[in-house]
Q: 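After the structure tokens below, expect a handful of questions from me.
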Protein chains: 2
Amino acid sequence: MKLRKENSTNNINEIYWKENCGIAFTLSLIGGRWKINILSYLLAEKKLRYNELKSRLTGISERILVLKLKELEQDDLIKRIVHAQVPPKVEYELTELGQSFKEILILMDQWGETNLKKLF
Amino acid sequence: MKLRKENSTNNINEIYWKENCGIAFTLSLIGGRWKINILSYLLAEKKLRYNELKSRLTGISERILVLKLKELEQDDLIKRIVHAQVPPKVEYELTELGQSFKEILILMDQWGETNLKKLF
DNA sequence: TAAGGAACAAACAAAATAGTAAGTATGAAA
DNA sequence: TTTCATACTTACTATTTTGTTTGTTCCTTA
């Protein structure tokens, strides 16, 4: 899944900062275009199916959705619940760790909404 | 400075989310490998020269440092103070808007430090 | 007159992230 | 027996971000 070059400067820098700086560590888990959106939908709606997430995340491709869900699961921020059915039914929800982002997400949302308005 | 393709799906998605989601907007300003670190050093030390930032940001390249400082300045998060001297002296400090990130930075730092410890 | 410091700039290259399009598995319903 | 729905894979391509290297400017001091 990961194709990161073990010893690229980029990768070395990321590791260094993740281990030595709380903020960098935090950002490494929720950074990028989609992860916070996934988290905040799950925060608001508790439990969502794959397709429900897909339709809410306007513009996301299936590949990226699956990829981000996997990464979030590996980092123990979300939980994957598989129902043995046909057609398949898979639900996602936040773990306890995922829930602990709540405050940060709320603050980031407030900051964003406040400052977005200034631009329009 | 920007070489973004006006109508790549990637760019379209970013714009859509920036305009419609506070968190996405926030993240668009502080995301990436270095920006939050720059902000938090400036938050802690008030005012820093170019070289001082460079030496604190272990591993950063000059090109990226300059680029990120420019972006932060354009987004009005930091202020560039030029002293007319030779050799040059340029200082950076947070704007008021930059300062308003304080709470978020602190929370992200706390979250990170707490959860970093669990890994070691 | 040559070297030096601070803060960049420019050309190029590598790495990482995101997107596209087509295909797979499963069993039930038509 | 073919179609259908859901939740993905896979192979490939494009875009974006990050890093490397070398060079510039300007006055100052040796």
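In what follows, chains are A, B, ... by sequence order, proteins preceding strands, each numbered from 1. All values below were derived from every heavy atom in this structure, side-chain atoms included, with hydrogens, water molecules and symmetry-related copies excluded.
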Q: Quick check: is B:Phe25 connected to B:Ile15 through a chain of hydrophobic side chains (ILVMFWY, heavy atoms under 4.5 Å apart)?
A: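 No, B:Ile15 does not connect to B:Phe25 through the hydrophobic network.
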Q: Strictly distance-based, threshold 3.5 Å: is any side-chain N or O of A:Asn11 a donor or acceptor partner for the main-chain N or O of A:Glu6?
A: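 Present.
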Q: Would you classify A:Glu62 as touching base, sugar-phosphate or nothing, given that sugar-phosphate means primed atoms plus P, OP1 and OP2, and contacts are heavy atoms under 4.0 Å?
A: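 Base contact - A:Glu62 has a heavy atom under 4.0 Å of at least one base atom.
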Q: Of the nucleotides C:dA7, D:dA5, C:dA18, which one has an atom closest to the side chain of A:Lys68?
A: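 From the listed options, C:dA18 comes nearest.
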Q: Would you call the rings of B:Tyr41 and A:Trp17 parallel, tilted or perpendicular, taking 30° and 60° as the class edges?
A: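 Rings of B:Tyr41 and A:Trp17: perpendicular, over 60°.
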Q: Measure from the side-chain heavy atoms of A:Arg4 and tell me the nearest of D:dA7, C:dA16, C:dC8.
A: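 Taking heavy atoms from C-beta onward, the closest nucleotide is C:dA16.
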Q: Is there a donor on the side chain of A:Arg63 or the base of C:dA18 sitting less than 3.5 Å from an acceptor on the other?
A: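 Check passes, donor-acceptor contact within cut-off.
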Q: If you check the A:Arg49 side chain, which of D:dT6, C:dA16, C:dT20 turns out closest?
A: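 Minimum distance to the A:Arg49 side chain belongs to D:dT6.
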Q: Just compare C:dA9, C:dA7, D:dA5 and give me whichever is closest to any side-chain atom of B:Arg80.
A: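 So the nucleotide nearest the side chain must be C:dA7.
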Q: What is the distance, rounded to the nearest whole Å, between atom CG of A:Leu67 and atom C1' of D:dT9?
A: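 Those two atoms, CG and C1', are 12 Å apart.
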Q: Between C:dT17 atom C1' and A:Leu69 atom CG, what is the distance in whole Å?
A: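 Answer to the nearest Å: 16 Å.
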Q: Would you indicate which nucleotide in C:dA15, C:dT20, C:dA7 comes nearest to any side-chain atom of A:Ser61?
A: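 So the side chain of A:Ser61 is nearest to C:dT20.
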Q: Nearest whole angstrom, please: distance from the C1' of C:dT26 to the NE2 of A:His83.
A: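 Taking atom C1' of C:dT26 as the reference, NE2 of A:His83 is at 17 Å.
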Q: Would you say D:dT15 has OP1 or OP2 under 4.0 Å from some side-chain N or O of B:Lys5?
A: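 Yes, because at least one side-chain N or O of B:Lys5 sits under 4.0 Å from OP1 or OP2 of D:dT15.
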Q: Check the distance between C:dA9's C1' and B:Lys70's NZ and give it to me in whole angstrom.
A: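 In whole Å, C:dA9 C1' and B:Lys70 NZ are 7 Å from each other.
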Q: For B:Val86 and for B:Asn11, locate the closest nucleotide of DNA chain C by heavy-atom distance; then report the residue assigned to the nucleotide nearer the 5' terminus.
A: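 Comparing both residues, the 5'-ward one is B:Val86.
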Q: Looking at every non-hydrogen atom in both residues, tell me the closest pair between A:Thr26 and A:Phe101 and how far apart they are.
A: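 Minimum heavy-atom contact is CG2-CE2, 3.8 Å.
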Q: Starting at CH2 of B:Trp34 and ending at P of D:dT18, how long is that distance when rounded to a whole Å?
A: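 My rounded result for the distance is 9 Å.
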Q: Check whether any side-chain N or O of B:Lys89 sits under 4.0 Å from OP1 or OP2 of D:dC26, and answer yes or no.
A: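 No.
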Q: Out of C:dA15, C:dA18, D:dT16, which has the shortest distance to the side chain of A:Ile64?
A: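 Among C:dA15, C:dA18, D:dT16, the one nearest the side chain of A:Ile64 is C:dA18.
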Q: Looking at B:Glu93 and B:Lys46, does any basic side-chain N land under 4.0 Å from a carboxylate oxygen?
A: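 Judged by the 4.0 Å cut-off on N to carboxylate O distance, B:Glu93 and B:Lys46 do not form a salt bridge.
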Q: Side chain of B:Asn10 only, please: which of D:dT18, C:dG19, D:dT17 is the nearest?
A: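 It is C:dG19.
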Q: If we only count heavy atoms from C-beta on, is the B:Lys35 to B:Glu71 side-chain gap below 4.5 Å?
A: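 B:Lys35 vs B:Glu71: side chains touch.
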Q: Judged by each residue's nearest nucleotide on DNA chain D, which is more toward the 5′ side, A:Arg33 or A:Asn51?
A: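 The residue closer to the strand's 5' end, by nearest nucleotide, is A:Asn51.
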Q: Can you tell me which nucleotide in C:dC8, C:dA15, C:dG19 comes closest to the side chain of B:Tyr92?
A: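 Per side-chain heavy atoms of B:Tyr92, the pick is C:dC8.
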Q: Is B:Glu45 salt-bridged to B:Arg56, cutoff N-O under 4.0 Å?
A: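 Yes, B:Glu45 and B:Arg56 are salt-bridged.
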Q: Measure the distance from CD1 on B:Ile60 to P on D:dT21 and round it to the nearest whole Å.
A: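 My rounded result for the distance is 17 Å.
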Q: Looking at D:dT18, I'd like to know if its phosphate oxygens (OP1 or OP2) sit under 4.0 Å from a side-chain N or O belonging to A:Asn13.
A: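 No, because none of the side-chain N or O atoms of A:Asn13 sits under 4.0 Å from OP1 or OP2 of D:dT18.
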Q: Counting any heavy atom closer than 4.0 Å, what does B:Thr9 reach on the DNA or RNA strands: base, sugar-phosphate only, or nothing?
A: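 Sugar-phosphate contact only.
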Q: Expressed as a whole number of angstroms, how long is the span from B:Gln85:CD to D:dC26:C1'?
A: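 Going from B:Gln85 (CD) to D:dC26 (C1'), I get 13 Å.
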Q: What is the separation between atom CD on A:Glu73 and atom P on D:dC8, rounded to the nearest whole Å?
A: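 Going from CD in A:Glu73 over to P in D:dC8 covers 9 Å.
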Q: Under 4.0 Å between a side-chain N or O of B:Ser8 and OP1 or OP2 of D:dT16?
A: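 B:Ser8 to D:dT16 OP1/OP2: side-chain N or O found under 4.0 Å.
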Q: Tell me whether the side-chain N/O atoms of B:Lys54 come closer than 4.0 Å to OP1 or OP2 in C:dA6.
A: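 For B:Lys54, the contact criterion (side-chain N or O under 4.0 Å from OP1 or OP2 of C:dA6) is not met.
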Q: Check the phosphate of C:dA18 against B:Trp17, side-chain N and O only, distance under 4.0 Å to OP1 or OP2. Yes or no?
A: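 The answer is no; no side-chain N or O of B:Trp17 sits under 4.0 Å from OP1 or OP2.
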